[in-house]
Number of protein chains: 2
Amino acid sequence: MANIREIAALAGVSVSTVSRVLNHHPYVAADKREAVLKAIHELQYTPNRNAVNLAIGATRMIGVILPFTNHPYYSGMLEGISAHALEHHYDIILCQTNYDVAEEERALQMLRDKLVDGIIVCSKQGDWALFETYASYGPIVVCEYTDSPYLSSVYADFYKSTIEAMNTLIAEGHRRIGYCLGRTNSYNSQQRLAAYKAQLQSIGEEVREEYCFFHCYHFDEGAEVLRSMLAFSKPPTALLVAGDQAACGIVIEAGKRGIQVPSDLSVIGFDNIPIAKVLELSTFDYVSYDIGTTAFDTFYRQWEAQAADSGPVEKHELPCQIIARSTVGPAPKKQ
Amino acid sequence: MANIREIAALAGVSVSTVSRVLNHHPYVAADKREAVLKAIHELQYTPNRNAVNLAIGATRMIGVILPFTNHPYYSGMLEGISAHALEHHYDIILCQTNYDVAEEERALQMLRDKLVDGIIVCSKQGDWALFETYASYGPIVVCEYTDSPYLSSVYADFYKSTIEAMNTLIAEGHRRIGYCLGRTNSYNSQQRLAAYKAQLQSIGEEVREEYCFFHCYHFDEGAEVLRSMLAFSKPPTALLVAGDQAACGIVIEAGKRGIQVPSDLSVIGFDNIPIAKVLELSTFDYVSYDIGTTAFDTFYRQWEAQAADSGPVEKHELPCQIIARSTVGPAPKKQ
DNA sequence: GGTTGACCTGAAATGCGTTTCATAGTTTAT
DNA sequence: ATAAACTATGAAACGCATTTCAGGTCAACC
């Protein structure tokens, strides 16, 4: 592989001139430019990206931290990030963590070690303090709410949307409402749970432990929830489900077990994944794609603005609309 | 940010000694090692990865070329690659192409430009020649069959599995069999189509254009296929579907339209995605995850073996087993 | 006693492109 | 006519870590 010095020698100019041609600087005479281009073509030269990165102190790469990709919530976000990264000629380094904090830290170190210009955190397990520690090395954008003054944040208001979902069900006369969530300890889950409890309280219903299901991510986990409900003497008449995959699992399993949706059981999902439409699932249009694009744009502004120091942190709340389809109906009369 | 020279100065040693400590070389006196470690700790030093990459001529990064991530086939593959990459301390650069050949080439250039040590191609649009051009710069592993002597290949025999699927349907008495595919021009699709036609011929059935549906990737595209079949005077009694997402869309839509599966219509999918289990879809266990892990391992062996030159290309055929569930049944009696 | 080999260390070269600075020839403005 | 402002170019420094090479010490073995 040829390097810039060989090009300079072949073209009969200095390396500075070659570099100028490469970077479209003005002040290069037409004939020398021609000579350089000819030499580049002859030797099939392309700059070594590592040398460029080292010299300019930037890589046009961004690290994306997420637990896994085989879930529409994250792959949607990734699509969004990817789309806007492409536009700005950025590449993505994927840091799949499986919610392992050590992996999260390893990803953050890439920022410190100059391997990436910034970090987007789709979901995390570690404390905010961990992420704040690395914020001085470059922009970090988190796809979750945080009031940290060091971290940018792009999020939807899950408290608000959960209230809305609950009110929708309550308006249909439901009182025995269950909730299916993913993790117990995330900020998002806690917000949702708080809203759930608040609205139950507002109609004078107590919170029943057995109506709250956790670790519901996938289709079969949703199906499992429905099966376990069969044993209840007083099963919920409505379920709020934090992810469409689990919600679809519930709806499909209900169909198999002869439970009519929505006349026996109402279901509201979250995410609006493609299959939700096919199954006519009522859900929330949490466009994870938009979260992704906004997160990238936020990073990019911060990066560009960091002329002297670091650009200002941004906070963006994205809307999250309910999509009424066919899985919500009035509560059954006799209970 | 401190650099290695500052560490050397603070510890009172040469940069070589610091480098030795950093890289766990033997032959460093205990007291000097201590001094270096102390200096590193004091100045919070970590090596600049770009400088390391430039010096050693490798990056421990691998480029993954795929059209999009929000499809279980690809996100599964990505999970597999990711898992084994993690084990070997490799990071992944995601090159999402949307089947744009220009983007594919941009990704390949990262190999030439020393940004990645190798490339895994999950699916591509460009000619093999394009990829072969870049093979001299490092290992390229393709998740698709190719006899190119320059490219490693990890694949399942789709011809064989399509034959098996056809025979399963034929054994149940089906004669009007339709096929839903993704792209028309990929090698995989062509193999499948060839097997489909061969088996139709073997039972003396002609190939009907209107029984072949293309661009079936997603749930709603599957639903659309079913809806369009409603207009047929003689609809197929069985469908082979190249992806589970489309197959699930078909099954769900059939349920809505009062078409019984499998008594009115048999369906065989492909991929064995999670929802296939919930819907009891008969399918093929094309474990894209395993393709991913095998692809990474293949890359890694080639990379390790390239001591002098480039390691030998490998070809791996992975098994692909049929999973009988509940969407295949005997052909309807009266037609 | 002398040779061999293991252990330890640093100067300098290397990987490669960017950028600053100094120099010099040309215009343009005054 | 002369200062000011461009245009053009190369040498050298810089970003930073790795690696080779040469030199030196010390113990062990013949």
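Below, chain A is the first sequence line, B the second, and so on; all start at residue 1.
In summary, the side chains of A:Q302 and A:S152 do present a donor paired with an acceptor at a separation below 3.5 Å, with no hydrogens or angles considered. The closest side-chain donor-acceptor pair between A:Y134 and A:E105 falls under 3.5 angstrom.
Contact annotation: B:S16 side-chain N/O to C:dG10 OP1/OP2 distance is not under 4.0 Å. Within the 4.0 Å cut-off from OP1 or OP2 of C:dG17, not a single side-chain nitrogen or oxygen of A:N50 is found. Contact annotation: A:K114 side-chain N/O to D:dC16 OP1/OP2 distance is not under 4.0 Å. Not one side-chain nitrogen or oxygen of A:S14 sits closer than 4.0 Å to the OP1 or OP2 atom of D:dA11.
Side-chain atoms of A:T293 do not come within 3.5 Å of backbone N or O of A:H84 as any donor-acceptor pair. No donor-acceptor pair closer than 3.5 Å links the side chain of A:D91 to the backbone N or O of A:M61.
Atoms CD1 (B:I4) and C1' (D:dA17) sit 5 Å apart, rounded to a whole Å. Computed from coordinates, the B:K32 NZ to C:dC7 P distance equals 17 Å when rounded to whole Å. One can place OH of A:Y45 at 7 Å from C1' of C:dC16, the figure rounded to the nearest angstrom. Between the CD atom of A:E6 and the P atom of C:dC16 there is a distance of 8 Å, given to the nearest Å. Following rounding to the nearest Å, B:H25 (NE2) and D:dA17 (C1') show an atom-to-atom distance of 11 Å. Between A:N53 atom CG and C:dG15 atom P there is a gap of 19 Å when expressed in whole angstrom units. Between B:L22 atom CG and D:dC16 atom C1' the separation is 12 Å, expressed in whole Å. The separation between A:I56 atom CD1 and D:dA13 atom P is 23 Å, rounded to whole Å.
Using a 4.0 Å cut-off between charged nitrogen and carboxylate oxygen, B:K38 and B:E34 do not count as a salt-bridge pair.
The nucleotide whose nearest atom lies closest to any side-chain atom of A:R5 is, among C:dC16, D:dG10, D:dA17, C:dC16. Considering only side-chain atoms of B:V15, the nucleotide from D:dA17, C:dT18, C:dA12 that sits closest is C:dA12.
Between the base of D:dA8 and the side chain of A:T17 there is no donor-acceptor pair shorter than 3.5 Å. For a distance-only test at 3.5 Å, the side chain of A:R20 fails to qualify as a donor-acceptor partner of the base of D:dA8.
Of the two residues near DNA chain D, B:A51 and A:Y27, the one whose nearest nucleotide lies more 5' is A:Y27. Projected onto DNA chain D by closest heavy-atom contact, B:L54 and B:N23 fall at different nucleotides, the more 5' of which corresponds to B:L54.
Counting non-hydrogen atoms under 4.0 angstrom, A:V18 reaches nothing in the nucleic acid.
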